[in-house]
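Note sheet for the following structure.
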Amino acid sequence: MADPKGFLTTGREVAETRPVEERVRDWNEVYVPGSLLPIISKQAGRCMDCGIPFCHNGCPLGNLIPEWNDYAYREDWTAASERLHATNNFPEFTGRLCPAPCESACVLGINQPPVTIKNVEVTIIDKAWDNGDVTPQPPERLSGKTVAVIGSGPAGLAAAQQLTRAGHTVAVYERADRIGGLLRYGIPEFKMEKRHINRRIEQMRAEGTKFRTEVEIGRDIDAAKLRKRYDAVVIAAGATTSRDLKVPGRELNGVHFAMEYLPLSNKVQEGDLTVAPITAEGKHVVVIGGGDTGADCVGTAHRQGAASVTQLEIMGKPGDERNPNQPWPTFPMLYKVTSAHEEGGERLYSVSTTHFEGDEDGNVQWLHLVEVEFKDGRPEPKPGTERKIPAQLVTLAMGFTGTDQDNGLVSQFGLELDERGNIARDADYATNVPGVYVAGDAGRGQSLIVWAIAEGRSAARGVDRYLAGSSALPAPIKPTDRALTV
């Protein structure tokens, strides 16, 4: 193990963030560069090397967390990187974006602050890139089989890299103009700078993966024709259909889905636009939805110079401690203050939007809301609590309902859907169409980046077995596996 007394002698320290007044003036990552390295070895030394590491269960990738904690404690960064990459294709993504269910399952977390697993992970991978330990791993020989991967988010990239390394010729199709899916155009730059995606793409290109951008399967290429062109297909198109809010005034100018708003700011950072067509500058902004996407809208609005930012959540405010019905090692619903919330704004809980009010030109000006309380699991308005707040830009960040069915991908393949509207698959991630597989949110529904990567790796094994008769690729999860929640 690392330090036998580390969890007794060392307190939890996390990455240092830059001052709010500094970071809201730029789009760089919020953390102080290099601030983790002086403290991370001792933080890794807090790992207890417990007999049953529940962090493995919290993480769907099955990351070898105690092992790379030990190497990080000893500052053997090359060995730590090897252990990290043994189970995770893109630890720089998860180390920055994952909410760390592994930390919720940490045994130390039963009665102390858990190990900073996420911070250790991102330090290991950043050191690996700095030290030249991340290199292309092209296959020794080609199988002669071809695979198309639809979608270049974390699930699609993970599946593509695994299948390329297994010797298959893989082409990734992405409907946007750049590779990365929601990693590219859904995650703001201040949460993850896009250079991290770019260098992974270059690694994958060097390994032999082909990329095709601005090609939407179903619209630009008929899905049935694509199936005939390749020996197998992996659908990793995500669950990109946003949940709408059907209340009076929804049609007013200035009411947008989060995924209409966020990509434009990323386009500005990429240099494609000088100014985002939808901007919060000088406006009263209301974000509907209390999750991570909502927080991304909050942080983006701050950087665009919003006059005010208010975030609405229909559920009640979570507590600071675990509820008795959310025991360790499950992932608890706790009050979370993200870097975006540190930067300002107001958060309202137990409220529901009743309607929007606009001006004579059709632009939204006010949002009317009412407080709610839950009865039999349904929100009921509380009489006398109606009020309105200024709203000149409203972003709807209420989650997603499934994969896009308007582009023809589902119908042209002839895919069956499950009862939740996701693409149905069997234990090998195979759909009802021979040779067509599905991974990530398209099959699971809206989920976390770590689950997407795990699904991409598992689906790759199913495809490899289909093409080669057997497979040595790992499959960390089954399609039916679920997170440790209650």
Side-chain angles (χ1 to χ4, degrees), residues 50 52-69 83-107 109 114-115 117-122 124-125 151 153-163 181-183 187 234-236 238-239 291-292 326 328-333 399-400 418 420 422-423 425-430 437-464 471 473-486:
C50 46
I52 301 178
F54 275 80
C55 54
H56 287 191
N57 297 77
C59 176
L61 285 166
N63 281 334
L64 308 174
I65 295 167
E67 293 188 31
W68 43 258
N69 273 333
R83 293 300 190 279
L84 191 54
H85 281 101
T87 57
N88 189 349
N89 297 70
F90 314 115
E92 63 269 48
F93 301 167
T94 52
R96 287 174 167 83
L97 304 176
C98 182
C102 53
E103 293 188 17
S104 298
C106 174
V107 171
V115 176
I117 299 171
K118 182 176 173 178
N119 282 181
V120 176
E121 177 182 28
V122 78
I124 293 171
I125 183 56
L157 292 178
Q161 186 167 64
Q162 293 293 94
L163 290 167
L182 290 186
L183 290 171
I187 302 297
V234 178
I235 300 173
D292 288 339
Q326 297 175 346
W328 175 91
T330 60
F331 190 78
M333 297 300 295
F400 303 88
D418 63 18
R420 299 176 62 195
N422 303 315
I423 300 174
R425 66 269 183 94
D426 64 15
D428 285 329
Y429 292 81
Y437 292 72
V438 62
D441 291 1
R444 172 170 292 272
Q446 182 186 359
S447 189
L448 304 177
I449 181 174
V450 68
W451 282 91
I453 295 174
E455 287 224 352
R457 290 171 66 88
S458 296
R461 177 182 172 87
V463 174
D464 193 34
S471 179
L473 294 177
I477 58 171
K478 300 175 183 178
T480 53
D481 287 344
R482 291 294 180 263
L484 281 173
T485 59
V486 291

Query raised in the report: Can you check side-chain contact (heavy atoms from CB on, under 4.5 Å) on Ile117 and Trp68, steps first, answer last?
Result: CA-CA 10 Å; Ile117 299 171; Trp68 43 258; 3.5 Å; yes
Report task. Check the pair Phe90 / Ile449 against side-chain contact (heavy atoms from CB on, under 4.5 Å), numbers first and verdict last. Result -> CA-CA 10 Å; Phe90 314 115; Ile449 181 174; over 6 Å; no
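With hydrogens and angles disregarded, no donor-acceptor distance shorter than 3.5 Å links the side chain of His56 to the backbone of Leu64. For the pair Trp451 (side chain) and Gly440 (backbone), a donor-acceptor distance under 3.5 Å is absent.
Remark: Ile453 CD1 to Gln161 CD distance equals 10.0 Å, nearest 0.5 Å. Asp428 contributes atom CG, which lies 10.0 Å from atom OG of Ser458 (distance to the nearest 0.5 angstrom). Interatomic distance, CD1 of Ile124 versus CG of Asn119, reported as 11.0 Å (0.5 Å rounding). How far OH of Tyr437 is from CD1 of Ile423: 14.5 Å, rounded to the nearest 0.5 Å.
The side chain to side chain donor-acceptor pair (under 3.5 Å) search around Arg461 returns none, not counting sequence neighbours. When the side chain to side chain donor-acceptor pair (under 3.5 Å) test is applied to Thr94, the partners found at least two apart in sequence or on another chain are Asn88, Glu121. Listed by chain and number, the residues in a side chain to side chain donor-acceptor pair (under 3.5 Å) with Asn422 amount to none (sequence neighbours excluded). For Tyr429, there are no ring-ring contact (aromatic ring centres under 6.0 Å, His included) partners, not counting sequence neighbours. In this structure, the side chain to side chain donor-acceptor pair (under 3.5 Å) partners of Glu92, at least two apart in sequence or on a different chain, are Trp129, Arg200.
The two atoms that bring Pro114 and Cys106 nearest to each other are CB-CB, 3.7 Å, heavy atoms only. Closest approach of Pro476 to Pro60, counting heavy atoms only: CB-O, 3.4 Å. Shown here for Cys55 and Pro66, the closest heavy-atom pair between the two residues is SG-CD, 4.1 Å. Nearest approach of Ala439 to Arg425, heavy atoms of both residues: CA-NH1, 4.3 Å. Shown here for Thr87 and Leu61, the closest heavy-atom pair between the two residues is O-CD2, 3.3 Å. Minimum interatomic distance between Leu163 and Ala460 (heavy atoms only, all atoms of both residues): CD2-O, 3.4 Å.
A 4.5 Å side-chain heavy-atom check between Ser104 and Pro332 finds at least one atom pair inside the cut-off. With contacts defined as side-chain heavy-atom distances shorter than 4.5 Å, the pair Arg457/Leu473 does not qualify. Counting heavy atoms from C-beta on, the side chains of Ile65 and Val120 never come closer than 4.5 Å. Contact annotation: the side chain of Gln162 never approaches that of Asp464 to less than 4.5 Å [non-hydrogen atoms, C-beta and beyond]. At least one side-chain heavy atom of Pro91 sits less than 4.5 Å from a side-chain heavy atom of His85.
Exactly one of Leu183, Val450, Asn89 qualifies for a side chain to side chain contact (heavy atoms under 4.5 Å, CB included) with Pro154. That residue is Leu183.
Residues in residues 438-450 take part in these side-chain hydrogen bond (donor to acceptor under 3.5 Å, both in side chains) pairs, two or more places apart or across chains: Arg444-Glu455.
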